[in-house]
Amino acid sequence: MNMGMRRRTVRRGISGRQLLAAQAAVAGSLAAALLVKELPGIVRELRIYRMTGGLRAGHRYP
């Protein structure tokens, strides 16, 4: 038996790159779901902002 030569064990499972891609997919899908859920409120706020004059309103709406 040669003690200097070690056997390489076969790793089962996913690699770090695959894990990172899976985490990115989960984070992206959660961000997309949050955006879709909040979109009506964002549109409503933009409409109110435009009705009040936006940046041009100046001192009228402190």
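As a basis for the values below, the full set of heavy atoms in this structure was taken, side chains included, without hydrogen atoms, waters or symmetry mates.
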Transitive ILVMFWY cluster of Val26 at side-chain heavy atoms under 4.5 Å: who else is in it? Leu30
Looking at side-chain heavy atoms only, is the closest gap between Ile42 and Glu45 below 4.5 Å? no
Point-to-point distance, once rounded to the nearest 0.5 Å, from CD of Gln23 to CG of Leu19: 4.5 Å
